[in-house]
Engineer: 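This structure is in structure tokens; I'll ask about it shortly.
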Amino acid sequence: MSYSPIIQQSIEYIETHLHEELSLESMAKFAGFSKYHYHRIFQKEVGVTASEYIRYRRIANSSNMLLYTDEKIIDIAVYYRFETQESFTRSFKKYYRLPPGQYRKIMGKLTMQREEMKMKNEQLLKGWQLSGSHPFNYQMGIDRETFHQGKASGFLKSVTVQTLGEFATMMQQFKADRYLGKRLKLSGFIKTKAVDGFCGFWMRVDDALHDVLQFDNMSDRPITGDTEWNHYSIVLDVPEKSAIIAFGVLLSESGQVWIDGLQFEEVDTKVPTTNIDFTYDLLDEPINLSFEE
């Protein structure tokens, strides 16, 4: 059984209730599982426990408020359900290595400097390249105001009005050598705004002749419109003759998509692949050659 849809519903609920009371018991009840079972499947799917996820998302949002609002630290702490400013400070230092006040002072100055250089650097993103049918109608870059965890996310957005039938991707590729004969899972977080076509992660496994061996672009579970951060994954086998693994995020037509926290992990065969089988609708024989049917 795939628990991804259930976990995605849970994360969607968490993202819209971060400033409210959230407990493992209430989340398990929301998902329709026992507390123990929900704890186990959430950690398996996302990589952290539900309680840890809620904590670091509250901290990430509070860091954003420290940099981009004038709200008092105690008010931010209370808003995100911390009992005292001291408990908020302890949790904040765990993730950002600085107390909130010092973080606001130091990172605020750096943020202003980065904004001044933003226009120069938006198209330059270490490790990533922009591709697609009409990449010049799109833009990729780093967003230090909207992120899931840490201090920044990557984004891909349309920058022209005419994007009907067009698409772009923010992508990477690497050698398949260390994953030969294994099953590989790509997972991460996506947030969207005004996506008219669709978007999603994609991954492709090619051989040395660039023939496609495995592929998934989430076209059977597309993300559209406006969505808050949620967790998505792709699982593909890497055959022995594989040479290249390519991956990224795809944006069809207009809108904006943010990605954060991507990771690869080897999984066993109990985890089903999401490979799109292009041969399933092939006929055994040609039909209606005389056009009489």
Side-chain angles (χ1 to χ4, degrees), residues 1-15 27 31 33 37-57 60 95 125 127-128 140 143 146-156 169-176 178-179 182-192 195 198-205 213-224 227-238 242 244-251 257-276:
M1 176 181 179
S2 173
Y3 292 109
S4 293
I6 297 169
I7 297 303
Q8 287 174 356
Q9 291 173 16
S10 296
I11 292 175
E12 183 178 354
Y13 181 84
I14 290 171
E15 290 294 329
M27 292 307 305
F33 292 112
H37 188 55
Y38 180 75
H39 170 83
R40 185 176 64 82
I41 63 173
F42 192 101
Q43 185 170 23
K44 184 177 181 180
E45 286 288 325
V46 184
V48 296
T49 66
S51 298
E52 180 70 7
Y53 180 87
I54 292 168
R55 187 180 305 111
Y56 84 60
R57 285 296 295 134
Y95 292 98
L125 194 54
W128 296 89
M140 71 175 186
D143 193 327
T146 301
F147 52 85
H148 185 264
Q149 186 181 10
K151 300 175 183 177
S153 68
F155 73 82
L156 176 64
T169 177
M170 176 175 155
M171 64 168 290
Q172 291 190 39
Q173 56 184 4
F174 58 95
K175 296 178 180 179
R178 62 179 294 189
Y179 299 105
K182 299 176 180 178
R183 184 162 291 185
L184 191 61
K185 178 180 179 180
L186 163 66
S187 62
F189 293 88
I190 291 178
K191 173 184 171 72
T192 64
V195 174
F198 81 95
C199 72
F201 287 132
W202 64 271
M203 182 162 68
R204 191 183 69 237
V205 182
L213 305 178
Q214 294 266 294
F215 176 73
D216 179 19
N217 65 354
M218 292 181 57
S219 59
D220 58 348
R221 51 198 192 285
I223 307 170
T224 61
T227 65
E228 278 300 328
W229 288 110
N230 216 322
H231 187 259
Y232 303 91
S233 62
I234 285 175
V235 180
L236 297 180
D237 286 325
V238 183
S242 302
I244 299 171
I245 298 173
F247 72 98
V249 63
L250 172 74
L251 175 60
V257 54
W258 292 263
I259 59 174
D260 202 357
L262 277 68
Q263 64 176 356
F264 285 92
E265 60 181 314
E266 297 173 22
V267 295
D268 59 36
T269 54
K270 293 179 182 178
V271 179
T273 72
T274 59
N275 178 53
I276 298 176

Engineer: Could you tell me if the ring centre of Phe264 sits under 6.0 Å from that of Tyr179?
Structural biologist: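 Centroid distance Phe264-Tyr179: not below 6.0 Å, so no.
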
Engineer: Please say which of Glu15, Glu52, Gln149 ends up in a side-chain hydrogen bond (donor to acceptor under 3.5 Å, both in side chains) with Arg57.
Structural biologist: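 Among Glu15, Glu52, Gln149, the one meeting side-chain hydrogen bond (donor to acceptor under 3.5 Å, both in side chains) with Arg57 is Glu15.
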
Engineer: With sequence neighbours excluded, give me every side chain to side chain donor-acceptor pair (under 3.5 Å) pair touching residues 257-269.
Structural biologist: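 Output for this query lists Asp143-Trp258, Lys182-Glu266.
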
Engineer: Please report whether the ring centroid of His39 lies less than 6.0 Å from that of Phe33.
Structural biologist: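 Not close enough - the centres of the two rings lie 6.0 Å or further apart.
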
Engineer: Taking the six-membered ring for Trp and the full ring for Phe, Tyr or His, determine whether the centres of His37 and Tyr3 are under 6.0 Å apart.
Structural biologist: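 Ring-ring flag for His37/Tyr3: true, centres closer than 6.0 Å.
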
Engineer: Side chains of Tyr232 and Ser4: donor-acceptor distance under 3.5 Å anywhere?
Structural biologist: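 The criterion, which ignores hydrogens and geometry beyond distance, is not satisfied for Ser4 and Tyr232.
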
Engineer: Please step through ring pair (Phe, Tyr, Trp, His ring centres under 6.0 Å) for the pair Trp128 and Phe247, ending with a clear verdict.
Structural biologist: CA-CA 10 Å; Trp128 296 89; Phe247 72 98; 5.6 Å; yes

Engineer: Which pair of non-hydrogen atoms, one from Ser153 and one from Trp229, has the smallest distance, and what is that distance?
Structural biologist: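 That would be CB-CH2, 4.0 Å.
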
Engineer: Applying side-chain hydrogen bond (donor to acceptor under 3.5 Å, both in side chains), can you list everything that pairs with Thr227, at least two apart in sequence or on another chain?
Structural biologist: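 With sequence neighbours excluded, Thr227 shows a side-chain hydrogen bond (donor to acceptor under 3.5 Å, both in side chains) to Thr192, given in chain and number order.
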
Engineer: State the CD1-CZ distance between Ile245 and Arg178, to the nearest 0.5 angstrom.
Structural biologist: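 Ile245 CD1 to Arg178 CZ: 9.5 Å, rounded to 0.5 Å.
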
Engineer: Determine, using ring centers only, whether Tyr53 and His148 are less than 6.0 Å apart.
Structural biologist: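 Yes, the ring centres sit under 6.0 Å apart.
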
Engineer: Got a sec, which residues hit side-chain hydrogen bond (donor to acceptor under 3.5 Å, both in side chains) with Asp237, two or more places apart in sequence or on another chain?
Structural biologist: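 For Asp237, the residues satisfying side-chain hydrogen bond (donor to acceptor under 3.5 Å, both in side chains) (neighbours in sequence not counted) are Arg183.
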
